[in-house]
Amino acid sequence: MSEAAGGRGCGSPVPQRAPWSLVAATAALCLVSATSVWTAGAAPMSREEKQKLGNQVLEMFDHAFGNYMEHAYPADELMPLTCRGRVRGQEPSRGDVDDALGKFSLTLIDSLDTLVVLNKTKEFEDAVRKVLRDVNLDNDVVVSVFETNIRVLGGLLGGHSLAIMLKEKGEYMQWYSDELLQMAKQLGYKLLPAFNTTSGLPYPRINLKFGIRKPEARTGTETDTCTACAGTLILEFAALSRFTGATIFEEYARKALDFLWEKRQRSSNLVGVTINIHTGDWVRKDSGVGAGIDSYYEYLLKAYVLLGDDSFLERFNTHYNAIMRYISQPPLLLDVHIHKPMLNARTWMDALLAFFPGLQVLKGDIRPAIETHEMLYQVIKKHNFLPEAFTTDFRVHWAQHPLRPEFAESTYFLYKATGDPYYLEVGKTLIENLNKYARVPCGFAAMKDVRTGSHEDRMDSFFLAEMFKYLYLLFADKEDIIFDIEDYIFTTEAHLLPLWLSTTNQSISKKNTTSEYTELDDSNFDWTCPNTQILFPHDPLYAQRIREPLKNVVDKSCPRGIVRVREESFRSGAKPPLRARDFMATNPEHLEILKKMGVSLIHLKDGRVQLVQHAIQAASSIDAEDGLRFMQEMIELSSQQQKEQQLPPRAVQIVSHPFFGRVVLTAGPAQFGLDLSKHKETRGFVASSKPYNGCSELTNPEAVMGKIALIQRGQCMFAEKARNIQNAGAIGGIVIDDNEGSSSDTAPLFQMAGDGKDTDDIKIPMLFLFSKEGSIILDAIREYEEVEVLLSDKAKDRDPEMENEEQPSSENDSQNQSAEQQVVSISQTVDLVDQESPDESSLNSSPESSSPADSEDASNISPSEQTSSPTANHETPSLDGECTDLDNQIQEQSETEEDSNPNVSWGKKVQPIDSILADWNEDIEAFEMMEKDEL
């Protein structure tokens, strides 16, 4: 128990404005009692094994940080597959993800306090000198205010906090004179112009050199920001004010938080995901605890812990009660509509909600924390990592995993709260999976697809800032850490801020703004440290009993179809609306119905039929609604037909020295040749074919005999290339894109189609790699000559014997339009595919468009090649086994486009018709609800 907690016993009152420490979750829960309970109920891990695992974490950090410093510094981040630094503007844009990069050596700053936690004080001192010498904060680059605050400002403040601690100890940092704090203050002033809005909510982006709105700034036109983006500033900004005495930072952050609280939905006490920074209107009205909102809740509670302001605790408890009432469906946490909180907004969850069990520990609500954490762990055991999003029946929704640390964070907090050695075993699994599946020669690579094991050329700074910190602390005893970690609180980026800031420079007015908006009583306060005898009532197996029913929740879950019952109001004597599945283009009665619904039919020269809908041309508003529904059904029907023809991505795994299976490349499949999902994988050395395009008989058959041939895309059909290398004796083929710089990171994968003829004669597997992934193999050939790869449906476990040759020990390894406006403005185009041309399938939907849809990858396809191109976010068939459900046969696609890709800005989405209809009805209800609120 830390001194900040006042040495209180369990159940004793907590004085107001005397915040407790829960850096290690120890002051919110009385650890002595909890640990004594759990050592009686489970076999503890030996100190030797804990030390061994702690040392393994240290080695892993050295591998990641060392490769960043060797191959990437002073760049912001390391690209671990190509062993070079990621510099903004020199690599293909990744959209909003790149807003974290500001040419300020991001990874180094984000790792500063991690070095101290891991007892690398000499390395910390060297790193601080490098930051002071090399880092420039005056770059002409547009960055995210949110990311820059939590990573850079937080990193500088965390580094300063531990630098003054080390200086006081008298051995290290004796030269230090608050230089990091001065840099933090400089950066704080650079971020302040973002708050120049009528609401006090900050702009989402700012130019470090030119600020906001200036022509040179290239920003300041945004209207929306996420709730977490505006509500995750108070810890860093208040700490900066308390450290420096400049109150302006804390004042601005408090004003933003006050505005968000005022704009909460009054009847549900929930907040939306996205808000207009000028008007305060909610742009996205769904609410959850994951992406877009997560750290807003976290900072309300931690602001109370750090600053001792009662209003933050009141607000948090109010929100928390709403979360547990509407969003929590143990063990799931599902988004809901803020105006209709009993209605789920989606049927999937994102990985960022994995932080929430840790926050519940801080709150002292242990049972739901255990339940949700166990559910997440079961998903991890199934896929090795937590997918970016997964459905309520635990299928992969978004397959990426950028090495996020939130689950490790919650694991650490649950262990510190319960002392249950089960959570040490969970941490051990995380270490093993990182070394087994993510470790590459130049660091750790993010997973591009957890199903195939393919990698992405990124290692985000938060991986070093958070993951290794939580994992090391999980296995460390108190004497293993050179300072008392309970004297500090973790920010959302796991940076450390000292709790003594609560009594320093308290010049900020602590007006209780909460009670201006709502009547609160004493039930909104939790003034006592939760008693572990209540949390674990005389039962050493309490947590185990909570986990037990969830052990097989993932494996036993079969997909449940989501059936929406639509209430149709038919006019007297009228027939039911025409359904897309019943439509026949040759039926005159159907054509007349289409005309009444405002739908035009156009026969195209290539045999396809195109539908165009103008709701204003419909016979009535009811007919217009029927037309919109018909068009959406047609889109879904066509999309379903396309998905049935699509194949999941494949993997190319480099298994030879020095890679040993650690590099996995995402590959596009072929609609011909050996199906890798049904047959054993193909393994062999690679060789380039001559001619390289593979469009004629090979002149070097002896070079490709018994090997996997490398061929360049272009100049002939894919099937022709496959036949030529097969005739030369190749056992497989890899087609490399001829469009220099193309990458699976920025372009959708597609599957190689046949030549319109019988392709049963092609017996070898064929895969497609974009230029960037292909160059990794070509570079390896130039450096090592002999390169062996594995072609498979998913990455395989690496060979321990081969790996041992490299490593001594494997263990080290604002849509508020009226109803009429929305209907009138919508035009929808649908291409109906002729059944005789399945490979020519296409579907396009765009406002006020009547031109036929081109192939999605048309810009990259040579005229002689047929390419079937699945969308970037195509969800492959489940690998979950034989589970079936009749409801799946009538499942309707209810997700909007903005739900299908986490890396695309919400503001750039084209809204599907069903979403428009839903928003139309929802906005009317929301308007009525707001009128009641005002009354």
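As a basis for the values below, the full set of heavy atoms in this structure was taken, side chains included, without hydrogen atoms, waters or symmetry mates.
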Y296/H319 under ring-ring contact (aromatic ring centres under 6.0 Å, His included): CA gap, chis, key distance, verdict: CA-CA 10 Å; Y296 163 69; H319 283 314; 5.4 Å; yes
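- Screening V273, N269, L270, T227 for a side-chain contact (heavy atoms from CB on, under 4.5 Å) with S287, the sole residue that qualifies is L270.
- With S295 as the fixed residue, the side chain to side chain donor-acceptor pair (under 3.5 Å) test singles out one of T232, T492, T491: T232.
- Salt bridge status for E466 with R404: absent, with no side-chain N to carboxylate O gap under 4.0 Å.
- A salt bridge (charged side-chain N to carboxylate O under 4.0 Å, His left out) with D258 is found for one member of R315, R264, K263 and no other, namely R315.
- Tested against W261, the residues V271, T318, L300 include a single side-chain contact (heavy atoms from CB on, under 4.5 Å) partner, T318.
- Inspection of the Y304 and E314 side chains reveals no N or O donor paired with an N or O acceptor under 3.5 Å.
- In this structure a side-chain-to-backbone donor-acceptor pair under 3.5 Å is present from S268 to I338.
- Proximity of the aromatic rings of Y203 and H278 is defined here by a centroid distance below 6.0 angstrom, and this criterion is met.
- At most 12 non-hydrogen atoms from other residues, nucleotides or ligands lie less than 6.0 angstrom from OH of Y252.
- Using a 4.5 Å cut-off on side-chain heavy atoms (C-beta onward), L386 and E406 make no contact.
- Looking at S199, its side chain does come within 3.5 Å of a backbone N or O of I277 through a donor-acceptor pair.
- Here the straight-line distance linking atom CD of Q265 with atom NE2 of H337 works out to 13.0 Å at 0.5 Å rounding.
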